[in-house]
Structure formats: C-alpha cells, structure tokens
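Here, residue 1 is the first one in the sequence, and each next residue gets the next number. Computed from heavy atoms alone, side chains included, the values below leave out hydrogens, waters and symmetry copies.
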Amino acid sequence: LGGMNVTPKGFAGLTRAVMDMAEECCGGRLVLTLEGGYDLRGERDSGKEVMKELSGKSRPDVSELLATGDDAALNHALDRARQMHRRYWKNL
C-alpha cells in the first residue's frame, strides 16, 4: 500500500545498513520491531530475510540493491522525511 516495493532481499539490505550504523555509533546495539501488514506472505518472507541477516546467515550486497532503486522516488521520500524531522533535529 505504501508503494515502496521493498523486496525481502531489500529488507535484508536495510537490516544490514542499520546493523552497520549501530556498529559505528553504539557498539552494535540494536532494537527492531515487526509491524503488521496486509501481505502475509511478503511479511513472512521479509521477516525470514531479516532474521537471516541478524543471525549472520546472509550478507546482501547493499550497493547492488541500491543500484536497482528509483532515485527520484528515493530523493522524494528522503526530502519528506527531512521536512518532517527538521523541527526536532535542527541539523537536517
């Protein structure tokens, strides 16, 4: 429904990116939560990929995943997120 079209491998890549950031800034400490969705199969497959990433059983190539994205859509989403959060984080 959100139109982001994130694949299960994409969720693994996002997990890897967050894990890398956590390693750099807070000793690898990380908290994740799973929210509900409308596509149970997609939720199951994506959850499995995230768990494989967290357990070290996969290592997606994040740069390869990013290369398949829509830059215009990504920039639009990032701009909207910055606008929303700018009032709380002045450096955005």
- Message: Minimum heavy-atom separation for A22 and R29, please, with both atom names.
- Response: CB-O, 3.4 Å
- Item | For K52, all residues meeting side chain to side chain donor-acceptor pair (under 3.5 Å), sequence neighbours excluded | E49
- Given side chain to side chain contact (heavy atoms under 4.5 Å, CB included), test V50 with L14 step by step and report yes or no. CA-CA 9 Å; V50 168; L14 290 168; over 6 Å; no
- Interatomic spacing from CZ in R80 to CG in N75 - rounded to 0.5 Å: 14.0 Å
- Query: Side-chain contact, heavy-atom cut-off 4.5 Å: M51 with K48?
  - Reply: no
- Query: Honestly curious: do L32 and M19 fall in one hydrophobic cluster under the side-chain, below-4.5 Å linking rule?
  - Reply: yes
- Message: Return the OG to CZ distance between S58 and R16, rounded to the nearest 0.5 Å.
- Response: 8.0 Å
- Please report the closest heavy-atom contact between P8 and S46, naming both atoms and the distance. CA-OG, 3.7 Å
- Message: Does this structure show an ion pair linking D45 with R41, if we count only N-O contacts that are shorter than 4.0 Å?
- Response: no
